[in-house]
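Count residues from 1 along the sequence. Just follow the structure's listing: the first ligand is 1, and inside any ligand the first atom is 1.
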Amino acid sequence: MQIQTVKTTPFIGQKPGTSGLRKSVQTFQQPHYLENFVQSIFDTVQTYQGSTLVLGGDGRYYNSNAIQTILKMAAANGFGKVLVGRNGILSTPAASVIIRKYKAFGGIILSASHNPGGKDGDFGIKYNSGNGGPASEKLTEQMYSNTKSIEWYKIISAPDIDLNNIGTFQLGDLTVEIIDSINDYAELMQHLFDFEKIKALFKSGEFRICYDAMHAVTGVYAQRILEELLQANHNMVINSIPLEDFGGGHPDPNLTYAHDLVEIMFHLNAPDFGAASDGDGDRNMILGKNFFVTPSDSLAILAANAHLVKGYKMGLKGVARSMPTSGAVDRVAEFLGIDCFETPTGWKFFGNLLDANKITLCGEESFGTGSDHIREKDGLWAVLFWLNILAVRKQSVETIVREHWAKFGRNVYSRHDYENINSENANQLVEELRKQFPQLVGKKFENYEIAFADDFSYLDPIDQSLSKNQGLRIGFTDGSRLIFRLSGTGTAGATLRIYLESFEPDVSKHHLDAQVALKPLLEIAEQLAHIKYFTGMEKPTVIT
Ligand code: G1P
Ligand code: ZN
């Protein structure tokens, strides 16, 4: 095995964001760009000699090229074995399952999640640790620091490996095992959910589902699990074939981008249940017949009904949500008498709580839900959880949500995104808003009075690490909230996210459209932050 030590120089800006390093494909295609980052990962995690790495991605453009390079670098750097998903495919949750099941040292997942793909789209790379979860901030900071001083990387010269066939190959001293991308994941799902009950629901012929794979990675997982194992209605997976450019679409499961599904579900003859996942399969959107379930409500409803589901009937240890996620789950936690943790945005902050057995379920408003079965959010898992609840309760999605609101009250919620705006203006908006904070408490706007205004900081209760500047929060005396954050996953300009939440205990008002109910809060947001002025936009690009 011939190990080459290739001289290189640092690239500016190889800083992992909310979820790994994401850049345009063209950026990644520059000579040494990927190699520098991979070497920086290896130099950060260090003690992997002879151990196992898991490798795969969401199948977007450049996936296979990157896998071939990483395999040769893993061989040169002394890994013992790499488990690669067949065709280079592993959804993010499946990668987490495999890392945990085979007790791998860690894993590299190639994905830019919900960002568009293709030659002109985005690519991404993230490292997951041995617990199956995203690298901690400490690790990602070290990776970034290494990228700034890198002088060389190690690689072997060898022919490419055939990724299309299951089997074991040798790459110098490294063993490369091409594994089925779905088996281990499907097995875990069968363990957690009552497949027989769900199968019976489909068999009754009275229940139909439509699942939009958005031409992304979950196409193959959904076909195996929903069609083959659960025998759901025929042709229920739409956009099922994973494509390198996701068919030109934006693989983000929300009401704007999953338009094919939305059209089917908001139609006269709609199926009973609709769902979609994102590029790498960790997000989910849940729909009923003519009905949208907000991700925050979805988390709360899973928590409230977990006792009905095979893998969770022993009860929940606790729950957690990211700070901008609505407080709906907090109410369920209070009812159940369990802890509810509020963490910064990003799945990595749930890792310590999960590892310490403090929580069973967790989620984010950004269409992410998951549990202690792995250390990533999990799109198909959420779909199966819902199907299991539906199979037991035998009610419609809408009835389940409305009954939930009647019992716990409704946390009316929406997020407004202003995408690809000028970064300087975005930062200025945040600065100007922050400056007002000392004067805001007690300020009144018709029915609303500001109770607190702060910059969210999180002290991790397990390792005591402190994460500052995690979003501006403005809380009102009636429990309503306005939150402002800049996205950490974009690759061009800035994206401003405004999160709006109010609480409505009155059932007679539960039918109101969220945008109508939240209008007064939106007006306050505009008054305080001058959104139109700083973004140069009359309205958001995406509303979820
Ligand atoms: C977004 C979501 C966040 C999620 C992340 C990765 O990050 O808001 O909840 O964890 O994608 O899927 P953001 O772009 O807001 O930094
Ligand atoms: Zn994703």
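The shortest N/O to N/O separation between E364 and ligand 1 falls below 3.5 Å. Considering both main-chain and side-chain atoms, S113 never comes within under 3.5 Å of ligand 1 through any nitrogen or oxygen pair. Considering both main-chain and side-chain atoms, S366 comes within under 3.5 Å of ligand 1 through a nitrogen or oxygen pair. Considering both main-chain and side-chain atoms, L486 never comes within under 3.5 Å of ligand 1 through any nitrogen or oxygen pair. An N or O contact shorter than 3.5 Å links R485 to ligand 1 by distance. Of the N or O atoms in R22, none lie within a sub-3.5 Å distance of an N or O in ligand 1.
In terms of modelled atom types and a separation under 3.5 Å, the side chain of K468 and the main chain of F456 share no donor-acceptor contact. Of the possible polar contacts, none joining the R100 side chain to the G132 backbone as a donor-acceptor pair under 3.5 Å is found. Judged purely by atom type and a 3.5 angstrom limit, R497 has no side-chain atom pairing as donor or acceptor with the backbone of E419. No side-chain donor-acceptor contact under 3.5 Å links Y418 to the backbone of A426. The backbone N or O of T544 sits less than 3.5 Å from a side-chain atom of S414, completing a donor-acceptor pair.
Taking a 4.0 Å cut-off on heavy atoms, S322 fails to register as neighbouring ligand 1. Residue contact annotation: R415 has a non-hydrogen atom under 4.0 Å from ligand 1.
Of the protein's non-hydrogen atoms, the one nearest atom 11 (O) of ligand 1 is R283 NH2, 2.9 Å. Nearest protein heavy-atom neighbour of atom 7 (O) of ligand 1: T489 CG2, 3.5 Å. Among all protein heavy atoms, the one lying closest to atom 12 (O) of ligand 1 is K377 NZ, 2.9 Å.
Qualifying ring pair (Phe, Tyr, Trp, His ring centres under 6.0 Å) partners for F452, counting only residues two or more places apart in sequence or in other chains: none. Listed by chain and residue number, M214, A276, D278, R283, M285 satisfy the side-chain contact (heavy atoms from CB on, under 4.5 Å) test with P253 (two or more places apart in sequence, or in another chain). Residues satisfying the ring pair (Phe, Tyr, Trp, His ring centres under 6.0 Å) test with Y127, not counting sequence neighbours, are none.
Proximity of T369 to P295: side-chain heavy atoms (C-beta onward) are nowhere separated by under 4.5 Å.
Counting all heavy atoms, side chain and backbone alike, I462 lies closest to A356 at CD1-CB, 3.6 Å. Residue Y413 comes nearest to E501 through the heavy atom pair CD1-CB, 3.9 Å, listed as atom of the first residue, atom of the second, then distance.
Below 4.0 Å from some heavy atom of T345 lie the following atoms of ligand 1, by number and element: 3 (C), 8 (O), 9 (O). Residue contact check: G488 has heavy atoms under 4.0 Å from atoms 13 (P), 14 (O), 16 (O) of ligand 1. Interface atoms of ligand 1 facing R497, defined by a heavy-atom separation under 4.0 Å, are 8 (O), 13 (P), 14 (O), 15 (O). Set against the non-hydrogen atoms of G346, the atoms of ligand 1 under 4.0 Å away are 10 (O).
Using a 4.0 Å cut-off between charged nitrogen and carboxylate oxygen, D455 and R434 count as a salt-bridge pair.
Around the Zn ion (ligand 2), the protein N, O or S atoms closer than 2.8 Å are S113 OG, D278 OD2, D280 OD1, D282 OD1, listed by chain and residue number.
Rounded to the nearest 0.5 Å, atoms NZ (K317) and CG (L361) are 10.0 Å apart.
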